[in-house]
Undergrad: 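Dropping a structure here in structure tokens format, bear with me for questions.
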Amino acid sequence: MGSLNGLEQTKKNSFWKKWAGDELPSADTIGRVFSLISCDEIRQILKSLYSKLKRNKALRPAVGNKFALIIDGHEANCSYLKSCEKCLKRTIQTTKGSQTQYYHRYALAMLWCARFYLTLDVEPQLPGEDEVSCAVRLLKRVMLNYPRAFDLILADGLYARAPFFKFALKHGKDVIAVLKDERRDLLNDARGLFKEEKSVTYRYGQIERKCQDIEHFSSWSQLGRDVRVVRSQETKHLKRQNTGKIHFETSEWIWVSTILKEKLSTEDFVKLAHGRWKIENNGFNELVNYWHADHIYKHNPVSIENFWLLTMLAYVIFHIFVNRNLKMEICGKYTKLHLARIIIAELFRELGDIKPFFPP
């Protein structure tokens, strides 16, 4: 709903008495209590949910036999007026001159499974640190709570740093990250060898991928071990609606990884590497636009984190319900948005004492 005040207007519904055992608290009470709740208690609920899914054998890898954890950062909100002790700051040049803008950023960990995604944990970025440092702190807790949940980590080019790769390897996890810094010796060496390396072509619908896969690069001296570099030159065939002509869009992707070919084939590697976008499309995009995760219900660092964790919990439960409990013919007939609207309609079902705005 994206509003505690909007939620409060449903308090007369017997739904709350039946499921919560008491009346729905006021919007102010909910906001105040959420600043007192322990974040770790909600994290334990998320963990128990994962454990139950694992125990019931409901989790399968999305690609091959490897479970992938996707890590990325997200800016949730910004304001020139309200702030808290955990707000990040930056100076923005406006028509009124330089102004200090306050904002919050988070690192999110999402497990990519077949048919659905599990948002495992989130960590707020603290003042004075960058996204990667925040993500490392998040991963320490994720690896403690979910030590066997995933085999490798998917990340963007920002995470192609030796300390991050070393941290993952120390905990027995491989990494696939985008390689796009032209100043790197590793990238320059790879481009030189790609000129002589034969490519393998894969086709997925309207996309054709010419892939080159080379192991044992030692150019990344800071990492202190050999790495694997994969390039995918892609051509997408598009048919323009206005002219009916076929249009071609080309792109190039290069990734660096610690995982060996014998553990992950080139085809599955590229599928997994492209899966990093799942956290943008199926993670942040849906959480923000449909679940109102960016909304500040109460500007308190603890309550903001708790509302994020609870939103993630609701997101996971809803998608598990749709994918594991509903029949295939129902899922094929109705969109998830339609099913969500049916669920939320239950909150208004008994509120029939409101007179119509317009007379008959």
Undergrad: Main chain of L126, side chain of E129: is a donor-acceptor contact present, judged purely on distance under 3.5 Å?
TA: yes
Undergrad: May I ask whether W277 and L179 are part of the same hydrophobic cluster, defined by side-chain heavy atoms of I, L, V, M, F, W, Y residues being less than 4.5 angstrom apart, directly or through others?
TA: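 Per the 4.5 Å side-chain linkage, W277 and L179 are co-clustered.
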Undergrad: Nearest 0.5 Å, what's the OG-CD distance between S133 and E123?
TA: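 Between S133 OG and E123 CD, I get 11.5 Å after rounding to 0.5 Å.
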Undergrad: Can you confirm whether K210 is buried at NZ, in the sense that more than 12 heavy atoms of other residues, nucleotides or ligands lie under 6.0 Å from that atom?
TA: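 Atom NZ in K210 is not packed in, count stays at 12 or less.
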Undergrad: Of L144, L138, V136, V142, which meets side-chain contact (heavy atoms from CB on, under 4.5 Å) against K140?
TA: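 Exactly one option meets the side-chain contact (heavy atoms from CB on, under 4.5 Å) with K140, and it is V136.
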Undergrad: How close do C78 and R90 get, counting heavy atoms only, and between which atoms?
TA: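 Heavy atoms only, the tightest pair is CB-NH2, 4.1 Å.
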Undergrad: Considering residues at least two apart in sequence or located in another chain, which fulfil the salt bridge (charged side-chain N to carboxylate O under 4.0 Å, His left out) criterion with R60?
TA: none
Undergrad: Quick check: does any side chain N or O of R228 sit under 3.5 Å from a backbone N or O of I176, one acting as donor and the other as acceptor?
TA: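 Such a contact is absent between R228 side chain and I176 backbone.
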Undergrad: Sequence neighbours left out, what passes side chain to side chain contact (heavy atoms under 4.5 Å, CB included) with C331? Give chain and number order.
TA: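 C331: side chain to side chain contact (heavy atoms under 4.5 Å, CB included) contacts with V322, L326.
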Undergrad: Between Q212 and E197 (side chain of the first, backbone of the second, donor and acceptor by atom type, cut-off under 3.5 Å), is there such a pair?
TA: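 Yes.
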Undergrad: Looking at every non-hydrogen atom in both residues, tell me the closest pair between L154 and L272 and how far apart they are.
TA: CD1-O, 3.1 Å
Undergrad: Would you mind listing every salt bridge (charged side-chain N to carboxylate O under 4.0 Å, His left out) that reaches into residues 249-266, with sequence neighbours excluded?
TA: R191-E252, R231-E252
Undergrad: Going by the salt bridge (charged side-chain N to carboxylate O under 4.0 Å, His left out) test, which pairs reach into residues 147-163, not counting sequence neighbours?
TA: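 As it turns out, the salt bridge (charged side-chain N to carboxylate O under 4.0 Å, His left out) pairs with a partner in residues 147-163, which skip direct neighbours, are D130-R161.
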Undergrad: What are the two closest non-hydrogen atoms of C39 and L309, and how far apart are they?
TA: O-CD1, 3.7 Å
Undergrad: Considering all heavy atoms of both residues, which atom of V302 and which atom of I37 are nearest to each other, and what is their separation?
TA: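 Where V302 meets I37 most closely, the heavy atoms are CG1-O, 3.7 Å.
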Undergrad: With a 4.5 Å cut-off on side-chain heavy atoms, are K180 and I254 touching?
TA: no
Undergrad: Quick check: does any side chain N or O of T258 sit under 3.5 Å from a backbone N or O of V175, one acting as donor and the other as acceptor?
TA: yes
Undergrad: Counting N and O atoms only, with roles assigned by atom type, does the side chain of Q222 sit under 3.5 Å from a partner on the main chain of A162, one being a donor and the other an acceptor?
TA: no
Undergrad: Please determine whether a side-chain nitrogen of the Lys or Arg among K66 and D268 lies less than 4.0 Å from a carboxylate oxygen of the Asp or Glu.
TA: no
Undergrad: Side-chain donor-acceptor contacts of residues 107-120 below 3.5 Å, not counting sequence neighbours, with atom names and distances?
TA:
residue: R115; atom: NH1; partner: N323; partner atom: O; Å: 3.4
residue: R115; atom: NH2; partner: N323; partner atom: O; Å: 2.8
residue: T119; atom: OG1; partner: M312; partner atom: O; Å: 3.4

Undergrad: Quick one: salt bridge (charged side-chain N to carboxylate O under 4.0 Å, His left out) pairs with a partner in residues 288-301, sequence neighbours left out?
TA: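 Counting only pairs at least two positions apart or across chains, no salt bridge (charged side-chain N to carboxylate O under 4.0 Å, His left out) contact touches residues 288-301.
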Undergrad: Write down the atom of V178, the atom of A160, and the distance for their closest heavy-atom approach.
TA: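 Taking V178 first and A160 second, the nearest heavy atoms are O-CB, 3.8 Å.
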Undergrad: Shared ILVMFWY cluster between L36 and F307, side chains joined below 4.5 angstrom?
TA: no
Undergrad: Please verify the inter-ring angle class for F15 with W19; under 30° counts as parallel, over 60° as perpendicular, anything in between as tilted.
TA: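 Judged by the thresholds at 30° and 60°, the geometry between F15 and W19 is tilted.
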Undergrad: Going only through I, L, V, M, F, W and Y residues with side-chain contacts under 4.5 Å, is there a path from Y106 to V288?
TA: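 Hydrophobic grouping puts Y106 apart from V288.
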Undergrad: With P301, which residues qualify under side chain to side chain contact (heavy atoms under 4.5 Å, CB included), at least two apart?
TA: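 Residues passing side chain to side chain contact (heavy atoms under 4.5 Å, CB included) with P301: C84, E85, K86.
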Undergrad: Can you give me the closest heavy-atom contact between K47 and N145, atom names plus distance?
TA: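 The answer is CE-O, 3.4 Å.
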Undergrad: Taking atom types as modelled, find out whether E267 and S265 have a side-chain donor-acceptor pair closer than 3.5 angstrom.
TA: no
Undergrad: Say whether T10 and W16, considering side chains only, have a donor N or O and an acceptor N or O under 3.5 Å apart.
TA: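 Side-chain D/A pair, T10 to W16: present.
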Undergrad: Classify the ring geometry between Y315 and W291 as parallel (under 30°), tilted (30 to 60°) or perpendicular (over 60°).
TA: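 Rings of Y315 and W291: perpendicular, as their planes differ by over 60°.
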Undergrad: According to ring pair (Phe, Tyr, Trp, His ring centres under 6.0 Å), does anything in residues 137-175 pair up with another residue at least two apart or in another chain? List the pairs.
TA: Y50-Y146, Y159-F164, F165-W220, F167-H171
Undergrad: Who else is in the cluster with Y202 when I, L, V, M, F, W and Y are joined by side-chain contacts under 4.5 Å?
TA: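 Its cluster partners, ordered by chain and number, are V200, Y204.
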Undergrad: Kindly give the cluster partners of Y80, where membership spreads through any ILVMFWY side chain lying under 4.5 Å from a current member.
TA: I92
Undergrad: Output the distance between atom CG (N306) and atom CZ (F34), rounded to the nearest 0.5 Å.
TA: 6.5 Å
Undergrad: Who pairs with Y102 by ring-ring contact (aromatic ring centres under 6.0 Å, His included), at least two apart in sequence or on another chain?
TA: none
Undergrad: Salt bridge check, E305 against R43: does any charged N sit closer than 4.0 Å to a carboxylate O?
TA: yes
Undergrad: Within the side chain of D121, is there an N or O that forms a donor-acceptor pair under 3.5 Å with the backbone of R141?
TA: no
Undergrad: Is a side-chain donor-acceptor pair under 3.5 Å present for N300 with S35?
TA: no
Undergrad: Quick one, V229 with D189, criterion side chain to side chain contact (heavy atoms under 4.5 Å, CB included). Give me CA distance, side-chain angles, the key distance, then yes/no.
TA: CA-CA 10 Å; V229 179; D189 289 349; over 6 Å; no
Undergrad: What salt bridge (charged side-chain N to carboxylate O under 4.0 Å, His left out) pairs are there with at least one residue in residues 16-35, not counting sequence neighbours?
TA: none
Undergrad: For the CG atom of N285 and the NE2 atom of H74, what is their distance to the nearest 0.5 Å?
TA: 10.0 Å
